[in-house]
Every structure is written in structure tokens, then in C-alpha cells.
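Letters go in sequence order (proteins before strands), and every chain restarts at 1. Model, not experiment: these values are computed from the prediction.
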Amino acid sequence: MGGWAIAVHGGAGVDPNLPLERQEEAKALLTRCLNLGISALRSSLPAIDVVELVVRELETDPLFNSGRGSALTEKGTVEMEASIMDGHGRRCGAVSGITKVKNPVSLARLVMDRSPHSYLAFSGAEEFAKQQGVEMAENDYFITEDNVGMLKLAKEAKAILFDYRIPLAESTCGAAAESPIQMNGLPISVYAPE
Amino acid sequence: TVGCVVVDTQGRCAAATSTGGLMNKMTGRIGDSPIIGAGTYASELCGVSCTGEGEAILRSTLARDVAAVMEYKGLGLQEAVDFVVKKRLDEGQAGLIAVSNKGEVAYGFNCNGMFRGCATEDGFMEVGIWE
């Protein structure tokens, strides 16, 4: 038997022009989340509780695309989704279309622990959230200035745009315009690789 | 998208993923993150969380495939991660993090950078963005 181990991520597909201060901000958040998980593991918390604890922290911080700071739909709203799985017994829970629950990963955990199902979505999931008494917030709690700007860019480009957390629009468009990479047969500039 | 994978001192693995999806997405769009076996998977052997181009991750059932090649091809954790990132994504772009019940940690990505951090009980700790 080995010891404990932990890994976290904040999304793949990063703008090569990411400003240094943004890079440092991201690294600081990842380090904080790692340390949160490490101290939980040192207190012998089970793996399933540690992953929920760490993802809640990442959802609450607006830096990455989840929870507060989520990418916006074409209507400028937030629709979040999350899942959680316990390798011990292979139990799992998932939610989609969440608009008012502060920590979607904890709702996914409740689907796993307190419902007969593995996956609840949209109004059913929000109904379940109310029954379970999880912390709710109005949709605008999840919306950040950065993302309103990014959505504007995406609409001007009539595309689903990169979601790099970068305020420098020209570099993002530049990257989008230059890049010859295809995704699903479409130019990468059409997608936001999260 | 954000994610976390953990193996605890009892050797139990777990995984969790959470996201807002794609900027300017259609309302009602569901990506890979909530789909067990695609964006998130955990078994007795390992825990996996993915991020990137949701449609490619869904088609390749990326997270489950890491566990499957460990189970059926006997690959180690990093080998399994490298294999699925290289062989399963076709032209899709994605990244993933993984832990094994032996206390190992691994990650892989075929796109431009991935925000990630990892640590093990023997003192290893790394936080990075680029290759």
C-alpha cells in the first residue's frame, strides 16, 4: 500500500499570452487547494470528502471556470454542472443545469448519498437542492466582470470563444485568428476549451 | 473546469469535477464534466478528472479509459494517462489528472498548457501550467 496522493486542475488549453500576474494568481490558488487537501489527508479524512472539499474551494474562488466565475451561456446566464465518484464501491453522483446552488459538487455528493439516482439535472436538481437545504445564491453571484467581457467578445466574434480568463481581448482574438488548429472539424477559435 | 483526484491513506480513490462549461454555449448544453466515465471516474484502481474539449472527452470516455487500460492492459498510471491522451482523443484537445491506489499521481494533456498541481505523501509537490 502506498501513501496518500492528490492532484488538482483548473482547466486545460491556456492562452500562450497569459499575463504573468494571472499565471501567479492561478498557481497560488492551486497551491492553496493542494495544501487544503494535504492537511485533510493528514487528518485521515477519506478521499471522497477531500475531493469534495477541494473542488468546493475551487468553485468558490472566481479565478477558474466553475461555480462563481463560471463561463456564461449565450443568454449571459450561468448553467453549472459537476460530478463526484467514490472508487470505494464505485458510487457516483452528478448534476447539470444548475443555476442557483453555490457549490454544485456538494449537490452532486448529495445525489450520490441521499437520492436513489446517480444524476439529476435542471429543475429537478434545483428542487432536490431546496429539499436538501444546500446553500443557494442568485444567478448573478456567479457572474464576474471578466466573463461578461468575454461573452461580449464571443458574441462580436459570433463564436464560442476561448475562456482564458484574459482581459487582453486582442491577444485572445489574435491567438484565435492565427491558430490553424481544428476541433471537431471547426477552427479552434469557435470553441472555448475551458 | 476544475477537478480534484485523491487516494487516501487507506488506498481508496475518489474524483470530482465541476464546471461552467463553454463561454457563449447554448442553454441546455451538457459537457463531459458531469458524465461519469467521461469527465470523471474512480474505481478501486484509480481516480481521474478531465478537462478540455468536452465533445472529444465524451466520445472517448476518457476517464474510464485510464482505468480500463490499467485493468486490461496492465499499464501503470502514467503509462495509462499517456496512452489515452495520445491514442483516444483523435484530433480533440484535453487534459487529465489521475491518482492510483498505490499512492501515485499523474497528469497528461495534448493542448496548450493545463493549470494543475499535485502532491504525494513522500513530500513531492508540483504546481504548473505549461509543459
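- Looking at B:Cys46, neither its backbone nor its side chain comes within 4.5 Å of chain A, counting heavy atoms on both sides.
- Listed by chain and number, the residues in a side-chain hydrogen bond (donor to acceptor under 3.5 Å, both in side chains) with B:Glu79 amount to none (sequence neighbours excluded).
- Note on A:Ile48 and B:Val6: same hydrophobic cluster, where clusters join Ile, Leu, Val, Met, Phe, Trp and Tyr whose side-chain heavy atoms are under 4.5 Å apart, directly or indirectly.
- Hydrophobic clustering (side-chain heavy atoms under 4.5 Å, transitive across Ile, Leu, Val, Met, Phe, Trp, Tyr) groups A:Leu29 together with A:Leu18.
- Neither the backbone nor the side chain of B:Tyr107 comes within less than 4.5 Å of any heavy atom of chain A.
- Only the side chain of B:Cys111 comes within contact range of chain A, with heavy atoms under 4.5 Å apart.
- In this structure, B:Ile129 CD1 and A:Asp15 CG are separated by 11.5 Å, a value rounded to the nearest 0.5 Å.
- Looking only at distances, a side-chain donor or acceptor of A:Asn65 sits under 3.5 Å from a matching main-chain atom of B:Gly21.
- Hydrophobic clustering (ILVMFWY, side-chain heavy atoms < 4.5 Å, transitive): B:Val84 and B:Val48 are in one cluster.
- The two atoms that bring A:Gly3 and B:Val7 nearest to each other are O-CG1, 4.2 Å, heavy atoms only.
- The closest side-chain heavy-atom distance from A:Thr73 to B:Arg29 is not below 4.5 Å.
- Chosen from B:Ser49, B:Gly128, B:Ala98, the residue pairing most often with chain A at heavy-atom distances under 4.5 Å is B:Ser49.
- By the rule that hydrophobic residues join a cluster once side-chain heavy atoms approach within less than 4.5 Å of another member, B:Leu89 and B:Phe109 end up as members of separate clusters.
- Contact record, B:Thr19 with A:Ser70: C-OG, 4.4 Å, taken as the closest heavy-atom pair.
- With contacts defined as side-chain heavy-atom distances shorter than 4.5 Å, the pair A:Leu72/B:Met23 qualifies.
- In this structure, chain B has no heavy atom under 4.5 Å from any part of A:Phe142.
- Side-chain contact between B:Lys25 and A:Glu79 is present, with heavy atoms from C-beta onward closer than 4.5 Å.
- The 12-atom threshold is not exceeded at NZ of A:Lys152, counting heavy atoms of other residues, nucleotides or ligands nearer than 6.0 Å.
- Nearest approach of A:Pro16 to B:Trp130, heavy atoms of both residues: CA-CH2, 4.0 Å.
- Residues A:Phe122 and B:Ile30 meet the side-chain proximity criterion, which asks for heavy atoms closer than 4.5 Å.
- Heavy-atom pairs under 4.5 Å with chain A were tallied for B:Cys50, B:Ala15, B:Gly39, B:Cys13; the largest tally goes to B:Ala15.
- Connection of B:Phe124 to A:Val8 is not established within any shared hydrophobic cluster, with ILVMFWY side chains joined at heavy-atom distances below 4.5 Å, either directly or through further cluster members.
- A:Ile38 touches chain B through its side chain: at least one heavy atom from C-beta onward sits under 4.5 Å away, while N, CA, C and O do not.
- Of the listed residues (A:Val50, A:Val51, A:Ile98), the greatest number of heavy-atom pairs within a distance under 4.5 Å of chain B belongs to A:Val51.
- Minimum heavy-atom separation, B:Ala94 to A:Ala12: C-CB, 4.4 Å.
- Within the 4.5 Å cutoff, no side-chain heavy atoms of A:Leu58 are placed close to those of B:Phe115.
- Counting heavy atoms of neighbouring residues, nucleotides and ligands inside a 6.0 Å radius, atom CD of A:Glu145 does not exceed 12 of them.
- The shortest non-hydrogen separation linking B:Pro34 to A:Ser96 is CG-OG, 3.3 Å.
- Side chain of A:Glu81 to backbone of B:Gly31: a donor-acceptor contact under 3.5 angstrom is found.
- For residues 48-57 of chain A, the salt bridge (Lys or Arg N to Asp or Glu O under 4.0 Å) pairs, not counting sequence neighbours, are A:Arg32-A:Glu57, A:Asp49-A:Arg109, A:Glu52-A:Arg109.
- For the atom pair NZ (A:Lys155) and CG (B:Asn24), the distance works out to 4.5 Å, reported to the nearest 0.5 Å.
- Most heavy-atom pairs under 4.5 Å with chain B, from the set A:Leu34, A:Val55, A:Leu41: that is A:Leu34.
- Of all the listed residues (A:Val105, A:Thr31, A:Leu45, A:Val78), the one sharing the greatest number of non-hydrogen pairs under 4.5 Å with chain B is A:Thr31.
- Interface check for chain B: of the options A:Gly97, A:Ala26, A:Ser44, A:Pro46, the most heavy-atom pairs under 4.5 Å are formed by A:Pro46.
- Although no hydrogens or angles enter the test, the distance criterion places no donor-acceptor pair under 3.5 Å between the side chain of B:Thr17 and the main chain of A:Ser83.
- Within the 4.5 Å cutoff, no side-chain heavy atoms of A:Trp4 are placed close to those of B:Val99.
- Considering only heavy-atom pairs separated by less than 4.5 Å from chain A, the leading option among B:Ser18, B:Gly95, B:Gly103 is B:Ser18.
- Looking at A:Val54, only its side chain comes within 4.5 Å of chain B, counting heavy atoms on both sides.
- Distance check: A:Lys75 NZ to B:Thr27 OG1 gives 3.5 Å after rounding to the nearest 0.5 Å.
- Using a 4.5 Å cut-off on side-chain heavy atoms (C-beta onward), A:His9 and B:Thr1 make contact.
- Minimum interatomic distance between B:Val105 and A:Ile6 (heavy atoms only, all atoms of both residues): CG2-O, 3.7 Å.
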